[in-house]
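Report on the structure given below.
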Amino acid sequence: MSTATHPTAAKSTGRFGAYGGRYVPETLMAALEELEQAYAEAQTDPAFHAELDSLLRDYAGRPTPLYFASRLTEQLGAAKIYLKREDLLHTGAHKINNCIGQGLLAKRMGKKRIIAETGAGQHGVATATVCALFGMECVVYMGEEDMRRQELNVYRMRLLGAEVRGVSSGSRTLKDAINEAMRDWVTNVRTTHYLLGSVLGAHPYPMMVRDFHRVISKEAREQILEKEGRLPNAVIACVGGGSNAIGAFYEFIPDKDVRLIGVEAGGRGAALGEHAARFQGGSPGVLQGTFSYVLQDDAGQIALTHSVSAGLDYASIGPEHAMLHDSGRAEYTSANDQAALDATVTLARTEGILPALESAHAVAECIRLAPTLSRHDILIINLSGRGDKDMGILSRELKLKGA
Amino acid sequence: MPIRFSTKPGLVIYLTAGDPDLPTTRAIALAAIDAGADVLELGVPFSDPLADGPIIQRASERAVQNGTKLSDVLALAADLRRERPHAGLVIFSYFNPVLRFGLERFCATAKEAGVDGVLITDMIVEEADEYLHQLHKHQLAPIFLAAPTSPDERLQRIAKVSQGFVYAISRTGITGTQQTLAKDAEELVKRLRKFTDLPIAVGFGVSNAEHVATIGEFANAAVVGSAIVSLIEQSTRDEAPTSIARFIKGLRQSVALAR
């Protein structure tokens with residue numbers, strides 16, 4: 001990768017092109033190696049897959065439908081739009097796929113204490129849910145700013161028996177919650193599993209979390225072939241850390257004619273600190289264990305970010321996305337706060353489906369893109385989560401705009 | 001200057017460069033060397049210090065806030081080298097500021113400044129090929145961390161690529177002060193000793209003379225960080241150098257008494 005200034009080490013593991021790797025304090029290495037080992041063993045164990053599949057089906061609600069959004073299609077007047085309904089999963093978002101997978105791994109490793117970070121709260125809720133299901137102790141780190149804007153999810157986590165610890169450092173959002181979770185992990189590493197919620201962090205997380213979400217594109221690919229007899233022209237997903245997007249893209253990567261479109265948070269402006277569009281304002285760097293695109297200043301200090309959606313409000317992006325970006329296999333664009341809010345209203349009123357503000361960024365891109373295509377074209381939007389959690393923020397923001 | 005520990009245990013003193021400001025860090029550093037620090041670790045402030053506890057987090061935040069950059073830290077190192085030719089000087093950083101500066105440019109500038117060694121908190125041996133290549137090329141000592149959780153085969157690898165000294169982390173956890181020294185430390189030093197003749201410095205939670213004396217019984221040097229940074233936080237700019245010098249002499253004093 002010509003843009004990457006970083007030398008790839010020969011003994012490095014978990015590389016996606018030049019990106020990924022492991023940049024962590026030595027104290028965590030034994031735990032990362034243990035996790036890598038446990039994951040490798042689980043992958044070859046039919047009993048693990050049987051239990052995972054059974055929970056995904058009977059507990060989480062898979063497979064999720066691929067829904068033809070006829071009224072939205074009609075309103076935009078061109079390409080046929082399908083929604084992959086991850087929002088219908090138990091707990092309300094795709095995050096549960098990964099939490100069940102890692103929860104089972106923690107059980108295999110004999111770790112009874114689970115820690116997690118959360119931005120929008122969806123990963124925190126999914127983690128708290130799985131911990132309740134498996135009878136594990138659960139501590140969730142959440143930035144105080146995110147606790148304020150997603151207070152319903154804070155309450156849900158507590159109701160499920162999790163301890164939610166507010167993080168007051170930095171911008172008091174997702175990045176700071178990850179720092180604090182890593183500090184906890186470094187301290188309690190012998191007894192604790194860190195249930196990281198996105199395709200971020202040190203190897204094996206980006207690979208493992210992707211694998212737990214691959215089911216999204218596996219199902220979607222089969223479903224669209226069944227419904228339309230052909231592959232879609234494009235798959236669109238929002239990208240924070242990038243877990244729902246990589247899950248939605250993965251099985252389509254070999255299908256070269258299928259465009260893969262990731263939508264970052266454009267926030268409220270193009271200046272550093274006003275958005276979370278890593279591929280527009282970022283450059284290669286190391287943050288929280290992995291080498292990828294990072295929003296940073298000239299001195300290598302990590303920039304603050306802004307997005308109306310807590311789940312996209314993060315300074316870096318999964319290393320596999322960095323590779324897909326550089327190779328050109330996936331395209332990355334952005335939608336700003338206003339476009340996401342507008343898209344939320346549009347989808348709610350045409351289809352009766354209220355998307356999470358994160359997923360609304362993907363809907364916004366679809367609204368922009370669809371009219372430029374023909375009636376024979378097909379788009380799949382990964383509707384990664386539902387918007388119930390965003391009621392507070394929506395009522396404030398939309399009232400201001402006179403909706 | 002090769003890194004050398006003149007007394008047992010030697011003293012490694014950590015400072016977050018630019019906290020509260022660069023001129024004060026300079027004055028503290030000179031006072032620390034004169035009071036008996038064998039090696040100074042100049043911490044490069046970083047926005048996301050995930051291996052650090054609240055004390056160094058706050059210091060880092062103050063230094064980032066007043067605009068302290070890696071280039072400033074390297075200039076400070078050059079200045080200290082001119083003033084105190086015999087002190088050991090180590091740059092202590094997270095990887096991203098170094099990466100952003102450019103690895104080769106960093107090594108060349110550090111060498112030019114008279115820096116002896118480099119410690120990157122989030123650099124593990126498996127990722128270090130190019131890093132080691134550049135450090136060797138510029139005759140800088142790579143200092144790696146060894147943890148109580150590192151199995152023997154990792155300790156062996158760490159020992160093999162380290163120069164100057166090996167930094168043994170006294171406990172699982174982040175930096176910070178504590179009352180008693182973890183039992184983990186002695187055990188780790190024993191395991192590490194099988195693989196290296198380099199000096200071994202023990203750090204994390206080393207806060208007082210008693211800890212230093214205890215470390216002297218099984219290791220070559222003690223690293224004192226958060227206790228120093230905390231003292232700087234509580235002192236005015238004017239009194240900080242004197243209070244740090246007094247504190248370091250106190251660490252030394254009881255070592256002498258204990259003999």
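Because only heavy atoms are used, hydrogens play no part in the values below, and waters and symmetry mates are left out as well, while side chains stay in. Protein chains get the first letters and strands the later ones, always in sequence-line order, with residue 1 at the start of each.
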Open item on the list: Return the CG to CZ distance between Leu287(A) and Phe46(B), rounded to the nearest 0.5 Å.
Closed with: 6.0 Å
Open item on the list: Using 0.5 Å steps for rounding, measure from the OG atom of Ser47(B) to the NZ atom of Lys175(A).
Closed with: 5.0 Å
Task: Shortest non-hydrogen separation from Asp52(B) to Arg183(A) and the atoms involved - done: O-NE, 2.9 Å
Task: Rounded distance [0.5 Å steps], OH in Tyr23(A) versus CE in Met123(B) - done: 6.0 Å
Open item on the list: Between Gln301(A) (side chain only) and Pro45(B) (backbone N and O only), is there a donor and an acceptor less than 3.5 Å apart?
Closed with: yes
Open item on the list: To the nearest 0.5 Å, what is the distance between CE on Met29(A) and CZ on Arg157(B)?
Closed with: 7.5 Å
Task: Region of Thr68(B) that comes under 4.5 Å of a non-hydrogen atom in chain A - done: backbone
- [ ] Pick one of side chain, backbone, both or neither for Ile120(B), based on which atoms fall under 4.5 Å of a heavy atom in chain A.
- [x] neither
TODO: Could you tell me which residues in residues 143-153 of chain B have at least one non-hydrogen atom under 4.5 Å from a non-hydrogen atom of chain A, sorted by residue number?
DONE: Leu145(B), Ala146(B), Ala147(B), Pro148(B), Thr149(B), Ser150(B), Pro151(B)
Open item on the list: For Tyr141(A), give me all partners under ring-ring contact (aromatic ring centres under 6.0 Å, His included), at least two apart in sequence or on another chain.
Closed with: none
Open item on the list: Heavy atom to heavy atom, less than 4.5 Å: which residues from residues 188-199 of chain A reach chain B?
Closed with: Val189(A), Arg190(A)
Task: Between CG on residue Asp48(B) and CG on residue Asn179(A), distance to nearest 0.5 Å - done: 4.5 Å
Task: Heavy-atom closest pair, residues Thr187(A) and Thr172(B) - done: O-OG1, 3.0 Å
TODO: For each of Ile169(B), Leu70(B), Val64(B), Leu132(B), tally heavy-atom pairs with chain A at distances under 4.5 Å, and name the one with the top tally.
DONE: Val64(B)
- [ ] Give, for atom CG of Leu32(A) and atom CD of Glu126(B), the distance between the pair rounded to the nearest 0.5 Å.
- [x] 10.5 Å
Task: Whether over 12 other heavy atoms sit under 6.0 Å from Glu41(A) CD - done: yes
TODO: Considering only heavy atoms and a distance below 4.5 Å, find which of Glu33(A), Glu26(A), Met182(A) pairs most often with chain B.
DONE: Glu26(A)
Task: Contact check, side chains of Asp122(B) and Val24(A), non-hydrogen atoms, under 4.5 Å - done: no
- [ ] Could you note down all residue pairs passing salt bridge (charged side-chain N to carboxylate O under 4.0 Å, His left out) where residues 279-305 of chain A supplies at least one of them, sequence neighbours left out?
- [x] Asp298(A)-Arg100(B)
TODO: Check whether any side-chain N or O of Asn96(B) sits under 3.5 Å from a backbone N or O of Gly300(A) as a donor-acceptor pair, and report yes or no.
DONE: yes
Open item on the list: Taking CD in Glu163(A) as the centre, count heavy atoms belonging to other residues, nucleotides or ligands within less than 6.0 Å. Is the count above 12?
Closed with: yes
